[in-house]
Participant: 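Can you read through this structure? Questions will come right after.
What you see is a predicted model; the values in this text were computed from it and never measured.
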Amino acid sequence: MSASRTGVGGDGGGDGVSSRSGRRKASHSQMKHIFKIVAILVAISAIWVALLETSTVPRSYTWLLPIYLVVALGCYGLFMVGFGLMFFPTCPQEAILLQQDIVEAKEFLAKKGVDVGSE
């Protein structure tokens, strides 16, 4: 049997139909995401052009709005990274399992004659 028929190949599954439909679904969701981003950019551009055409906001301020938008998005991104770091989940059970795996690996390597150092 070939590798692709046994499920060992690169497509991740035994039949080509499921992998093709999975790719189609992923492509469809990517297109929805791209469409959403383009729609938001078009809406922001339309608001900016409308503000430029009308005299509700002084023209000198209106030309700076894209810069303000980029700065605001940067601040939002930094805030989200900081928030994620502050509330990063700790997993004490996983830490214990990791320490056990390290001990097992050191024992295995010591049996093979590899010097793993001392603690």
Side-chain angles (χ1 to χ4, degrees):
M1 287 189 148
S2 69
S4 63
R5 294 185 78 199
T6 60
V8 180
D11 64 351
D15 58 349
V17 176
S18 64
S19 65
R20 273 186 264 148
S21 65
R23 280 190 296 240
R24 201 173 301 133
K25 287 178 185 177
S27 174
H28 183 66
S29 75
Q30 288 174 347
M31 287 303 292
K32 287 172 75 175
H33 188 69
I34 291 171
F35 181 74
K36 187 188 329 180
I37 291 171
V38 169
I40 289 171
L41 289 175
V42 167
I44 290 172
S45 299
I47 292 169
W48 185 56
V49 168
L51 286 173
L52 281 172
E53 294 298 321
T54 61
S55 60
T56 55
V57 178
R59 206 165 185 79
S60 61
Y61 294 144
T62 308
W63 282 108
L64 294 175
L65 284 177
I67 296 170
Y68 292 152
L69 179 67
V70 169
V71 169
L73 286 174
C75 290
Y76 172 75
L78 285 174
F79 172 76
M80 292 307 292
V81 168
F83 186 81
L85 287 174
M86 284 191 318
F87 295 104
F88 190 76
T90 57
C91 305
Q93 297 87 3
E94 295 298 322
I96 293 170
L97 290 174
L98 180 61
Q99 291 297 327
Q100 291 173 350
D101 288 344
I102 291 172
V103 168
E104 288 175 16
K106 284 183 177 182
E107 291 172 356
F108 175 78
L109 290 173
K111 286 179 185 176
K112 297 290 182 179
V114 177
D115 182 26
V116 292
S118 60
E119 293 184 27

Participant: Can you give each donor-acceptor pair under 3.5 Å made by side-chain atoms of residues 75-96, sequence neighbours left out, with the distance rounded to 0.1 Å?
Facilitator:
none

Participant: Kindly indicate whether the side chain of V103, heavy atoms from C-beta on, has any atom under 4.5 Å from the side chain of Q99.
Facilitator: no
Participant: Do you know which of K106, E104, Q100 makes side chain to side chain contact (heavy atoms under 4.5 Å, CB included) with I102?
Facilitator: K106
Participant: In the single-linkage hydrophobic clustering (I, L, V, M, F, W, Y; side-chain heavy atoms under 4.5 Å), do V38 and I44 co-cluster?
Facilitator: no
Participant: How far does CZ of F35 sit from CD1 of I40, to the nearest 0.5 angstrom?
Facilitator: 10.5 Å
Participant: Of all residues at least two apart in sequence or in a different chain, which pass the side-chain contact (heavy atoms from CB on, under 4.5 Å) check with L41?
Facilitator: I37
Participant: Would a 4.5 Å heavy-atom cut-off, applied to side chains only, mark F108 and K112 as touching?
Facilitator: yes
Participant: Is there a chain of hydrophobic side chains (I, L, V, M, F, W, Y, each step under 4.5 Å between heavy atoms) that links L69 to W63?
Facilitator: no
Participant: L64 and W48: same hydrophobic cluster, using ILVMFWY side-chain contacts below 4.5 Å?
Facilitator: yes
